[in-house]
There are 4 protein chains.
Amino acid sequence: MPRKEQTLRNTTTGASTEAAIRTMSNDDNLVHERRQFIAGRALPLFVRQGFNRTSVREISQACDMSIGAVYHYLGSKDDIGLLVAEQMRREMIEFMNHAFEDPRPVESLRSSIAEWCRLCDRLKDNVLFLYREPRNIKEAVQKRIAEVDEQCISMFDKVLTMGVEAGVFKIANTRLFALNVYVLGNMWAFGRWYVGKFMTLDEYIEFQTDALLSSALNRR
Amino acid sequence: MPRKEQTLRNTTTGASTEAAIRTMSNDDNLVHERRQFIAGRALPLFVRQGFNRTSVREISQACDMSIGAVYHYLGSKDDIGLLVAEQMRREMIEFMNHAFEDPRPVESLRSSIAEWCRLCDRLKDNVLFLYREPRNIKEAVQKRIAEVDEQCISMFDKVLTMGVEAGVFKIANTRLFALNVYVLGNMWAFGRWYVGKFMTLDEYIEFQTDALLSSALNRR
Amino acid sequence: MPRKEQTLRNTTTGASTEAAIRTMSNDDNLVHERRQFIAGRALPLFVRQGFNRTSVREISQACDMSIGAVYHYLGSKDDIGLLVAEQMRREMIEFMNHAFEDPRPVESLRSSIAEWCRLCDRLKDNVLFLYREPRNIKEAVQKRIAEVDEQCISMFDKVLTMGVEAGVFKIANTRLFALNVYVLGNMWAFGRWYVGKFMTLDEYIEFQTDALLSSALNRR
Amino acid sequence: MPRKEQTLRNTTTGASTEAAIRTMSNDDNLVHERRQFIAGRALPLFVRQGFNRTSVREISQACDMSIGAVYHYLGSKDDIGLLVAEQMRREMIEFMNHAFEDPRPVESLRSSIAEWCRLCDRLKDNVLFLYREPRNIKEAVQKRIAEVDEQCISMFDKVLTMGVEAGVFKIANTRLFALNVYVLGNMWAFGRWYVGKFMTLDEYIEFQTDALLSSALNRR
DNA sequence: CATGAATGAGGTTTCATTCAT
DNA sequence: TATGAATGAAACCTCATTCAT
């Protein structure tokens, strides 16, 4: 599906967010690896205690590193937010590149919902962080995230539109419907209503897909 | 519908959160009024800049008060979070006491969705605050909020279950469906995807209601 | 014993400490009465929590008065310290005017020790306050207190000297011995070593008097 | 005199107060050294101005450190009080372990009085602080201090009792007599009556020892 | 590369005192 | 005379960041 990829490449090309982060090291691989490590250890702390209530000292301790070492690979605490955002972005782009292999609308919608929910489940903490701490992510990076959000929604929109054009779906507002799909993935990640307490991820995917399809399918 | 009201009363009774907040004044009316005023001025700041990035000095300035005056009516900055939560809670209880006058499932669902969305629209900032800053709200108060959330979802659940029992709806998992209704209200409040940019609240309510109904309705 | 009284009058004459405290009222009796009341309620708080850790609000509440009322009779929180000091001073002067009716050295020492201990017991809190919070009493007032301290010690000194001159006592350094008598009174007031836990005031007086006498008495 | 030492060790064992103080550093030696330094610079300020009237800023300036550096080694301003108390405690334990080598009651009393007075002279400011600012020392630490106070008094008591049993002393209440010895040391540290103005420490020790002995000695 | 001591601006909070009512 | 809301300076403390080692 080269068309899609081009579209994506067009809008997401540009200096990688990560490359903009200051470091004292020249070993790119090491830098990347250490940053992922730090972000991975910091993120649960952010989710549990909040970004502002988590000190760099705590982060360095969670990493079994010195404070100086953390700053060796990062320019500032805020940069960890960028890494979290960037990881989400990377995975979403990955997701968009691999979903929709199927040209059949129903199958395509099914698989994209499932994949999307699985992605949100895997990056639960990133999703939460992006909801909760937008003020701790640089405006520019928020925009980059908004962009992939938008692309993601557009992708769902396209699948739906395709289905509508094929006469398989009947949807009054595909854009809003696509947004619903998007939110439904995030919703699983939100621990707030304990969805995970009374349902497995697979059941969740199944029920939600069925509900959406029963609403979208064109009957006549 | 007295049964519902009783249920609600039973679970929501308890010492008001507000009464637990320290104050230097004995004039209850004044205290309440000033607190609402302070919370009202502070909330937009929190939403715009984040709770931690908003200083008490800024809040006092936004209120045209001295810092000391703010602390005359509040025990701490965190207490403003409680007020925000409490306001949401109050309005949700109010909402639950007045919705669903209609015994017809479809009408009842329609009106409850509409009212719920309007409530979320009205308390947009409170909704956002509760999503973003849970770590700045005392555990106990988060629980109180979770309680009304739960009651609210249960309420939607009951409407749906009623409809299912009446043979009007056909829903695989009413609980999850109810959760979808709940989230759909919050979703409007979330500026993140700019739903409001391409749609009015009324349109949003209409489209979403239709989509949900088309999914829920039992077609023989 | 007019000689003594003259001495005292000479050094203690001067503007009363209390008269120097600002007030909004002209009714001298009322002012005095209220001040004693306030000081009496505040002193235990100071002893229990410390002067600085006791707020004017707390004091006003302990007095069942408004903050404004407290300031109606006092110019500042510090003034309460002055009142405490002044009360001690007044009682010590009173004490000095009435002790020593007896010309016999031993009897005179006995009674003055006993009276002094009883005074310290009665003004326990004042004694403690003067030890603990000298930095919260104006320099000038500290000096006035030091003056009566000095007079008190001198008084004991005189009794001892009289005894030495009469050949009844044999004391190497009457000044230091007098100081010991003084401290022994304060010592009772100091809860720190729980003297009061294993001894009544009367026993304390008896033992201490005997010990001092057995040290002071001239044997040959 | 191994029995005494054992007794002391038994009751004074326990987690060091200092170990309970929070620090950002892991270098125990550095932490201890810096804390002693800070406490040493702060204590005279406390004595001169009072604990509450001395700000952390002043302390940090007196130490030629930044405020942050002070908090790097201490968890709070109050902790300096603990250090002051702990230093007194340490020295008193040291004192108790080394005094009383002499089995002759009179010599033993003489030397213990002298050593005690010298200790109080050396730790003048600590003594004053403990008298004046008990409300700024955690209850638990006050208790630990009360414990060594008690041990110290008991130690004097034992010496006296030994003398009484040997028929050398005749004392009605050794416990109270011991307390007098204790207080007499503190009394020197109290600047309040300017004992130091008209007497050297050695003279003070001499006079007080003679007075006590002349009271304690058994004259058939 | 790594460490962690040091910095100090800036945050929250307290509280003596004033003054309009 | 009495009230208590309001003030705002100043206190304690945190923590992101730097930099000498």
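Numbers restart at 1 for each chain; the letters A, B, ... are given by sequence-line order, proteins then strands. Computed over heavy atoms, backbone and side chain alike; hydrogens, waters and symmetry mates excluded.
- Ion pairing between D:Glu18 and D:Arg35 holds under the 4.0 Å rule for side-chain N and carboxylate O.
- A distance of about 22 Å separates the P atoms of F:dT21 and E:dC1, rounded to the whole Å.
- Checked by atom type, the side-chain pair D:Asn52/C:Arg53 shows no donor-acceptor distance below 3.5 Å.
- Looking at heavy atoms from C-beta onward, A:Arg89 lies in side-chain contact with A:Ile145 at the 4.5 angstrom threshold.
- For the pair B:Tyr73 and D:Glu58, nearest-nucleotide mapping onto DNA chain F gives the more 5' position to B:Tyr73.
- When the C1' atom of E:dA2 is taken as reference, atom CD of A:Gln61 falls 16 Å away, rounded to whole Å.
- At a threshold of 4.0 angstrom between heavy atoms, the contacts of C:Met24 are confined to the sugar-phosphate backbone, with no base atom among them.
- Between D:Asn26 and B:Ala69, the residue anchored nearer the 5' end of DNA chain E, judged by the nucleotide with its closest heavy atom, is D:Asn26.
- Ranked by how close their nearest DNA chain F nucleotide is to the 5' end, B:Val70 and C:Asp64 are led by C:Asp64.
- Using a 4.0 Å heavy-atom criterion, one finds that C:Ser25 contacts the sugar-phosphate atoms exclusively.
- Contacts with DNA chain F (heavy atom under 4.0 Å) in residues 27-41 of chain A: none are found.
- For B:Gln36 (side chain) and B:Glu33 (main-chain N/O), no donor-acceptor pair under 3.5 Å exists by modelled atom type.
- For C:Arg53 and E:dT14, the CZ to P distance is 13 Å, given to the nearest whole Å.
- Between D:Leu74 atom CG and E:dA5 atom C1' there is a gap of 14 Å when expressed in whole angstrom units.
- The closest donor-acceptor contact from the side chain of B:Asn126 to the backbone of B:Val84 lies under 3.5 Å.
- Between A:Leu74 and A:Leu83 there is a side-chain heavy-atom pair separated by less than 4.5 Å.
- For E:dA6, neither phosphate oxygen OP1 nor OP2 lies less than 4.0 angstrom from any side-chain nitrogen or oxygen of D:His72.
- Both tests pass for A:Lys77 against the ring of A:Phe51: distance under 6.0 Å to the centre and angle within 45° of the axis.
- With a cut-off of 3.5 Å on both Watson-Crick or G-U wobble distances, the partner of E:dC19 is given as F:dG4.
- No side-chain heavy atom of B:Gln49 sits less than 4.5 Å from a side-chain heavy atom of A:Arg135.
- Side-chain atoms of B:Gln142 come within 3.5 Å of backbone N or O of B:Ile137 as a donor-acceptor pair.
- Rounded to whole Å, atom P of F:dC15 lies 13 Å from atom CG of A:Leu45.
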With B for base contact, S for sugar-phosphate-only contact and - for none (protein heavy atoms under 4.0 Å), nucleotides 16-21 of chain F reads SBB---
